[in-house]
Amino acid sequence: GSMCFSEIIYVLAYMQSFYRLLLSRREFVQRLKLESTLNVHDGCVNTISWNETGEYILSGSDDTFLVITNPYNKKVKKSIRSGHRANIFSAKFMPHTNDQEIISCSGDGIIFYTHTEKSPDFNRQCQFTCHYGTAYEIMTVPNDPYTFLSCGEDGTVRWFDLRTKTSCTKVDCKDDILINCTRAATSISISPLVPYYLAVGCSDSSVRIYDRRMLGTRATGNYTGRGTTGMCGRFVPTHLSNKSCRVTSLCYSEDGQEVLVSYSSDYIYLFNPKDDQARELKGPSEERREELRQPPVKRLRLRGDWSDTGPRARPESERERDGEQSPNLSLMQRMSDILSRWFEEASEAQSSRGTRPQTRPRATTAISKSTFPSSSRSSSAVPAPPTSSSLVDTSAPSSSSTTTSTPNSDTPTTSAPSTTRPSAAEPVLSLHYSSEGTTTSTIKLDFTDECSTSQGPAGIVSEGSNVGSSPQERSQPEGSDDTSGGCRRTEPYLGVLSLLHFLSLRRSAAARIQELFRRRKERRELEESGTQNIRRPSVKMVYKGHRNSRTMIKESCFWGNNFVMSGSDCGHIFIWDRHTAEHLMLLEADNHVVNCLQPHPYDPILASSGIDYDIKIWSPLEESPSFNRVLAVEVITRNELMLEETRNTITVPASFMLRMLASINHIRSDRLEGDRSEGSGQENEDE
């Protein structure tokens, strides 16, 4: 006969307890195997999430489509043209809406509220354009079908209530700001058991824990504007306390007792938000005396060169040792090597001319206001080839230490989505002239999506733990006319690259002043936190071996009660023992970078995605555990070496190289003309 409802519930509960028991054993993760591949997108898949019942997967991509897929029969339930014009970075089902309401955000900062049963024209009207720059993450509230939160490069966490409004296109909107962090807010997480606790990861290496009951917005009438209001904890690993390192992922444990945080160009840390054992950390006065020291840039990488990602990538030292020759190098690698040689020679030439910056040679005028369009809010204002939002060069942990703009300043430049494969969201140092700052020729270092990738202007992408440690604005003094005697007395490429060298190694007075005010505000907040009951948790566990530097959306998460996992730039999924940090499993899951990991809510199934244009489903299908420890050691060793290499690398877009080549050609032409004129002058004298 048929089972009654209570029997079905009993069977489901028994199966769930069985799965939890299975998840507690390491043999489970060591038997994981690729079960299926879902080819439902035409771009990098930057966000995946299960629905509440675990029947469907919602995914968002550089192709700007939202897709709902049944992973068991591989059939697409719904493919939605989202209305986004930039790479989708985060998408979530609203709870208790029968999977019909979706919130998504993208590299241009726009948030869309999509109803799967409404027309595309209706859904296109339901957009929120409040964020300046990239919006990184959407977070829904458990059991709440009406409200959601978002965070972005503008340093704000915003709280929206769909009962109040389903769209907002107000210029310079501050109505829904819940928290202003003054630094880019790159990840958020809500405690599943106590949902009024909110964790916010920032580009200044901090994770801040807030009690949302103490917070409000201008729309609700109780916005305070004070950075420490509602803050009940602040976590920073000791060695990162004076650095600006981006948080790429935050995750609460199921019981809300621990938080997992992943840092760009660093490692993954576990802490207890209720802990208060780190008060011995250096105070604000000591922080003030220490300045972020940016290591010298040693290498340029051409945007689109992903040769340092994926399972077959090798550190430069290993390639040199093995004598890797030209036939094995991709075109992108060759061009990157050429750029690096130019930059190295230019840097040496600059150093030989003295430590004080010389007046700009005439060649540098090739990079002028006409070359770089001024900042614009519109993502279409800066036409750039789309790149995947998944590959955000987070290696520049500090690269976004300061937000490109704040809600109180002019809007930052954003970029259009990219179409190249693989595309990625790399922090881009965009050489866009802006009217902001103390001069009219301020160069903005923009870390928004170029692929947009998460970014897309024709700028320089700063990687490296401290290189371009923050999207701080740098400016050139006006009226610095050329007194060098012309370009003929410089190397053909020195003019352009000396500017690069100048930008990467020196900070302008305007940038220093802006940073001074920003740090002063942060010091006040820290001093307030010292007098208030704000806990400072210490590190409970560190998970190493993976590599997180090329993308800004690299996820780490818990799986069950005993495992922690993360994606990696080496194209593998890493799984550790949660309690001992022992490395338990390595899965090759992408040809370039694994960004997203989402365990099934009940079953022992894992979904992953990254730069490849697909979603992969993993299950414990191997007959016996199959963890290759020898391979794992090799991969971990390479990752450590390559993590160091990326710390002094900046990524430049192809358009920048084309401008450099054009400038070099122009300089050479000038030299030839000068040589001819000198030659003709000599002939006249002889006559």
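Fair warning: this is a prediction, and the values are worked out from it, not measured in the lab.
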Rounded to the nearest 0.5 Å, what's the gap from CG on Leu621 to CD on Glu35? Could you check? 5.0 Å
Take Asp121 and Ser119 through the test side-chain hydrogen bond (donor to acceptor under 3.5 Å, both in side chains) and record every step on the way to the result. CA-CA 5 Å; Asp121 289 339; Ser119 69; 5.3 Å; no
Quick one: do Glu588 and Arg312 make a salt bridge, cutoff under 4.0 Å? yes
Which atom of His131 lies closest to which atom of Ser150, heavy atoms considered: NE2-OG, 2.7 Å
Only one of Asp569, Asp308, Asp266 forms a side-chain hydrogen bond (donor to acceptor under 3.5 Å, both in side chains) with Ser549, so which one is it? Asp569
Can you tell me if Ser568 uses its side chain to pair, donor with acceptor, with the backbone of Cys570 under 3.5 Å? yes
If we ignore hydrogens and angles and just use 3.5 Å, is the side chain of Asp63 paired with the main-chain N or O of His41 as donor and acceptor? no
Separation between OG of Ser187 and CD of Glu555, rounded to the nearest 0.5 Å: 8.5 Å
Determine the interplanar angle of the Tyr72 and Trp50 rings, folded into 0 to 90°, and report it as parallel if under 30°, tilted if 30 to 60°, perpendicular if over 60°. tilted
So, Ser609 side chain and Val45 main chain: donor-acceptor pair closer than 3.5 Å or not? yes
If only atom types and distance count, is the side chain of His115 paired as donor or acceptor with the main-chain N or O of Glu117 below 3.5 Å? yes
Note, Leu260 side chain near Phe558 side chain (heavy atom, < 4.5 Å): yes
For Thr186 and Glu137, run side-chain contact (heavy atoms from CB on, under 4.5 Å): C-alpha distance rounded to whole Å, both residues' side-chain angles, the deciding distance at 0.1 Å, then the answer. CA-CA 7 Å; Thr186 53; Glu137 192 163 10; over 6 Å; no
Quick check: closest heavy atoms across Ser36 and Pro71, and the distance to 0.1 Å? OG-O, 4.0 Å
Within a strict 4.5 Å, meaning less than it, do heavy atoms of the Ile179 and Thr156 side chains meet? no
For residues Asn595 and Thr47, determine if any side-chain heavy atom of one lies less than 4.5 Å from a side-chain heavy atom of the other. no
Output all residues satisfying salt bridge (charged side-chain N to carboxylate O under 4.0 Å, His left out) with Asp614, sequence neighbours left out; order by chain, then residue number. Lys616
State, yes or no, whether a side-chain contact exists between Ile188 and Leu149 at a heavy-atom distance under 4.5 Å. yes
Check whether the side chains of Tyr113 and Gln127 place a donor and an acceptor atom closer than 3.5 Å, and report yes or no. no
Do you see a donor-acceptor pair shorter than 3.5 Å between the side chains of Asn123 and Thr114? no
Closest approach of Cys126 to Ser167 (non-hydrogen atoms, all atoms of both residues): CA-CB, 4.0 Å
Taking Asn73 for its side chain and Lys75 for its backbone only, find out whether a donor-acceptor pair lies under 3.5 Å. yes
Before you tell me yes or no, could you show the steps for Val200 and Val207 under side-chain contact (heavy atoms from CB on, under 4.5 Å), namely the whole-Å CA-CA distance, both residues' side-chain angles and the distance that decides it to 0.1 Å? CA-CA 5 Å; Val200 181; Val207 176; over 6 Å; no
Using salt bridge (charged side-chain N to carboxylate O under 4.0 Å, His left out), reason through Arg638 and Glu645 one step at a time and then give a plain yes or no. CA-CA 11 Å; Arg638 289 191 182 116; Glu645 289 179 0; over 6 Å; no
Heavy-atom check, side chain of Ile138 versus side chain of Ile111, under 4.5 Å: yes
Can you list everything that forms a salt bridge (charged side-chain N to carboxylate O under 4.0 Å, His left out) with Asp175? Sequence neighbours excluded, please. Lys170
Do Thr248 and Asn548 get their side chains close enough for a donor-acceptor pair, meaning under 3.5 Å? yes
The reported gap from CD in Gln598 to OG in Ser59 (rounded to nearest 0.5 angstrom) is 11.5 Å
Min side-chain heavy-atom separation Lys554-Ser249 under 4.5 Å: no
Let's go through His600 and Trp559 carefully: what are the C-alpha distance in whole Å and the side-chain angles of both, what is the deciding distance for side-chain contact (heavy atoms from CB on, under 4.5 Å) to 0.1 Å, and is it a yes or a no? CA-CA 9 Å; His600 190 279; Trp559 198 0; over 6 Å; no
Is the shortest side-chain N to carboxylate O distance from Lys78 to Asp99 below 4.0 Å? no
Before you tell me yes or no, could you show the steps for Asn143 and His96 under side-chain hydrogen bond (donor to acceptor under 3.5 Å, both in side chains), namely the whole-Å CA-CA distance, both residues' side-chain angles and the distance that decides it to 0.1 Å? CA-CA 7 Å; Asn143 301 313; His96 304 310; 3.0 Å; yes
On a heavy-atom basis, which atom in Pro195 and which in Pro192 lie closest, and how many Å separate them? CD-O, 4.4 Å
Say you draw a straight line from OH of Tyr263 to OG of Ser556; how long is it, rounded to the nearest 0.5 Å? 11.0 Å
So does Tyr146 have more than 12 non-hydrogen atoms from other groups sitting under 6.0 Å from OH? no
I want to check something: taking the side chain as every heavy atom from C-beta on, are Val157 and Leu198 in contact at a cut-off of under 4.5 Å? yes
With side chains defined as the heavy atoms from C-beta onward, is the minimum distance between Ile573 and Ile575 less than 4.5 Å? yes
Tested for side chain to side chain contact (heavy atoms under 4.5 Å, CB included) against Ser608, the lone hit among Leu597, Ile615, Ile617 is Leu597
Is there a donor-acceptor pair closer than 3.5 Å between any side-chain N or O of Thr69 and the backbone N or O of Leu58? no
For residues Thr309 and Trp306, report the shortest heavy-atom separation together with the two atoms involved. OG1-O, 2.7 Å
With rounding to the nearest 0.5 angstrom, report the CH2 to CG distance, Trp618 to Leu32. 8.5 Å
Heavy-atom closest pair, residues Ile57 and Ala607: CD1-CB, 3.9 Å
Kindly say whether Gly107 contributes a backbone atom to a donor-acceptor pair with the side chain of Thr134 at under 3.5 angstrom? yes
Quick check: does any side chain N or O of Ser82 sit under 3.5 Å from a backbone N or O of His84, one acting as donor and the other as acceptor? yes
Residues Lys92 and Glu101 bridged, charged N to O under 4.0 Å: no
Hey, does the Lys NZ or Arg CZ of Lys165 hover above the aromatic six-ring of Phe160, less than 6.0 Å from the centre and inside 45° of the axis? no
Check the orientation of Phe574 and Trp576. Use parallel for under 30°, tilted for 30 to 60°, and perpendicular for over 60°. parallel
Let me confirm one number: the OG1-CG distance from Thr166 to Asp161, rounded to the nearest 0.5 Å. 11.0 Å
Given side-chain contact (heavy atoms from CB on, under 4.5 Å), test His572 with His546 step by step and report yes or no. CA-CA 8 Å; His572 291 91; His546 68 305; over 6 Å; no
Give a yes or no on whether the backbone of Gly545 and the side-chain of Asn639 come within a donor-acceptor separation of less than 3.5 Å. yes
State, without any angle test, whether Ser61 and Asp42 hold a side-chain donor-acceptor pair at a distance under 3.5 Å. no
Salt bridge (charged side-chain N to carboxylate O under 4.0 Å, His left out) evaluation trace for Lys77 with Glu55: CA-CA 11 Å; Lys77 180 183 180 183; Glu55 297 176 84; over 6 Å; no
